[in-house]
Amino acid sequence: MAAKIISGKEVSASIRQELAERVAELKEKHGLVPGLGVILVGDDPASHSYVKGKEKAAGQVGIYSEVLRVPASTTEAEVLKMVEDFNKNPKIHGILVQLPLPDHIDENKVIFAIDPKKDVDGFHPVNIGRLHIGEECFIPCTPNGIMELLDRTGVELKGKNATVVGRSNIVGKPVAMLLLSRHATVTICHSRTTDLAGECRRADVLVAAVGRPRMITADMIKPGAVVIDVGVNRIEGGKLVGDVDFDAALEVASAITPVPGGVGPMTITMLMKNTVLAAERTLA
Ligand code: GUN
């Protein structure tokens, strides 16, 4: 039987609807409008397109947004000053600095300058640390989106084998920690893993986040596994494909996220969720 296709597009739409209701309530009961401040340095077309998507999503759910688009020649000190201004601005509850930054700017220095209470990307070490010890924090958007997809699909995690392929700070490491917090037995694989296929085949839940087109083939998937594909790879001819060989995996997995339309749409939605949470937390 072909696998169920987990639609990030559909889940994302229903979460945005829920968020719009929460935003309306914040306005009505507390006169509070959640605000998102975005800093975009340089003219990378992909970054501009992502930021446009974030601005549009904010508008859809009723979040106020300010986007500072500045040239690639902007200095580190100038970017730090923009972060500081957003930190102090009471209309801004969430701050996002679009990455990558130009080479002359130290990304970590900029991320570390964001007030952890406004760090809706969840990249500040305070939030990463709090995530690891299970304290209230901001969960990075892509891992957060993956957990929402698993939960809303009704996937049981307790006691299951979850394998994450990829160990990035943005996806692999935090999603592994989230799966662990839900009582899965977690394996993290990477480029030096000796028996990648074997590790993958043990997985009841397989998360692929490596950025290599179709590298997870059907023989690496346990029959009935749930497969989450985080990859976004443009191949020759311009087609967008994931890290998983989707067509072949459909015949083996019990459920799978497509690319595009799986994890991708969830990421921006989770940014909106974190921004609403950041505003709500100012009331506590
Ligand atoms: N660039 C690519 N993905 C992301 C993300 O999740 N957050 C930020 N700030 N920049 C990115």
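These figures come from a predicted structure and were not determined experimentally. Both counts, for ligands and for their atoms, begin at 1 and track the order of listing. All heavy atoms count here, side chains included; hydrogens, waters and symmetry mates do not.
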### Query
With Lys117, which residues qualify under salt bridge (charged side-chain N to carboxylate O under 4.0 Å, His left out), at least two apart?
none
### Intermediate values then yes/no, side-chain contact (heavy atoms from CB on, under 4.5 Å), Ile268 and Arg16
CA-CA 10 Å; Ile268 291 183; Arg16 286 191 195 187; 3.7 Å; yes
### Neighbouring residues of ligand 1, heavy-atom cut-off under 4.0 Å
Leu96, Val97, Gln98, Leu99, Asp121, Phe123
### Donor + acceptor pair across side chains of Ser14, Gln17 (<3.5 Å)
no
### Query
Taking a hydrophobic cluster as the set of Ile, Leu, Val, Met, Phe, Trp and Tyr residues connected by side-chain heavy atoms closer than 4.5 Å, whether directly or through intermediates, do Ile170 and Val210 fall within one such cluster?
no
### Query
In a check of side chain to side chain contact (heavy atoms under 4.5 Å, CB included) between Met220 and each of Leu196, Val227, Thr163, which one passes?
Leu196
#### Entry: 4.5 Å side-chain heavy-atom contact, Met177 and Val186
no
